[in-house]
Visitor: 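Mind looking over this structure? Questions follow.
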Amino acid sequence: MMDFLPWQQAPARRWLAARERFAHAWLIHGRPGCGQMEFALAGAASLLCESPRDGLACGECQACRWVAAGNHPDLRRIRPDAQAVREGALDVAEDARKQPSREIRIEQIRGLLPWFNTATHRGGWRVALLYPAESLNTIAANALLKILEEPPEHTVFLLSAQAPDRLLPTLVSRCRRLPLAVPPAAESLAWLEAQGVKDAAARLAAAGGAPLLALEQAREGRPVVPDWLELFLDQASGGGDGAALADALQAGEPADWVDGFQRLWLDLSLGAHGLPPRYHPGQAARIAAIARNLDPAALARAADWLREQWRLARHALNPKLLADHAARTLLQSVRPR
Ligand SMILES: [Zn+2]
């Protein structure tokens, strides 16, 4: 849990090498499923380690043992309760009537203030891990901004995010950016196969090259080609009013399928130019057939709509309405002119 993923080790060493003039706040960002959160956590462990090896956490010293056990006094994790529940760090049963929060609340930021005034273990770093940064609500983001304007001593903030453009711009401007690239496919494939993932190549392609996303989808037993995509490809070239597609979309998370449609849209525009699909090589024939007949202007309009929805999808007020609307307009936008 506290090691860098294989493709992260080289960039991590470069990042940690300049430890003496380290920024006090970092925004670690990249495409979903490429391991930003894992990078931030492993980064925290490396900063706290008492005898780092080649810049990275040794895994054996007292500090590393504390980090692994989740009780290092100089490490705080600030994340939504829903995320803590997923990690098994928070008991759902504590208050079963209430849905765990999906936001980082102001109390969590305020709760850090006394911690800044305590001495650190052996005078080392204090690390605040904050993820995903998109979960900061506006009030919490402003409280964090205030802290970063007069940063406490010996303290490093590691924020991990998938979409920096969803964050408060003033907050982003207080952080040094550390963009993480999509890892090389060969490294991702080797890693997925080592985790026992079947159909690793198809899964990786469908996940847009994001290995952690591919792993998650494999572990959840999701089909390589999701139901909604099958339905969409069938109905785009055939008939149907989109009702079945809307039902399939409603069964999923808007953020997931909006992201999925954006990948399909890229494949369709590649197809319109006679190029093979990047994300869905297994569906090449069906994608090409749709792409041959579509109206590029309608495709572009739908792409704009998808981009807009991608910003809003996490906070979809009415997922059913969104699914209905998406099914109708997206099907219409790819049907023959
Ligand atoms: Zn160590």
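Start at 1 with the first residue, then count along the sequence. Counting starts at 1 for both ligands and their atoms, in listed order.
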Visitor: Identify the two heavy atoms, one from Trp15 and one from Gly43, that lie closest to each other, and give their separation to 0.1 Å.
Guide: CZ3-CA, 3.7 Å
Visitor: Applying ring pair (Phe, Tyr, Trp, His ring centres under 6.0 Å), which residue pairs with at least one partner in residues 118-141 are found, sequence neighbours left out?
Guide: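 The answer is Trp66-His121.
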Visitor: Could you tell me which residues satisfy salt bridge (charged side-chain N to carboxylate O under 4.0 Å, His left out) with Glu50, sequence neighbours excluded, listed by chain and number?
Guide: Arg122
Visitor: For a distance under 2.8 Å, give residue and atom name for each protein N, O or S atom next to the Zn ion (ligand 1).
Guide: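 As for protein N, O or S atoms lying under 2.8 Å from the Zn ion (ligand 1), they are Cys49 SG, Cys58 SG, Cys61 SG, Cys64 SG.
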Visitor: Where do Pro32 and Ala210 come nearest, in terms of heavy atoms and distance?
Guide: O-CB, 3.1 Å
Visitor: Is the Phe22 ring parallel, tilted or perpendicular to the Trp26 ring (thresholds 30°, 60°)?
Guide: tilted
Visitor: Counting only pairs under 3.5 Å, give me each side-chain donor-acceptor contact of residues 322-330, with atom names and distances, residues two or more places apart or in other chains.
Guide:
from   : atom 1 : to     : atom 2 : distance (Å)
Asp324 : OD2    : Lys320 : NZ     : 3.1
Thr329 : OG1    : His325 : O      : 2.8

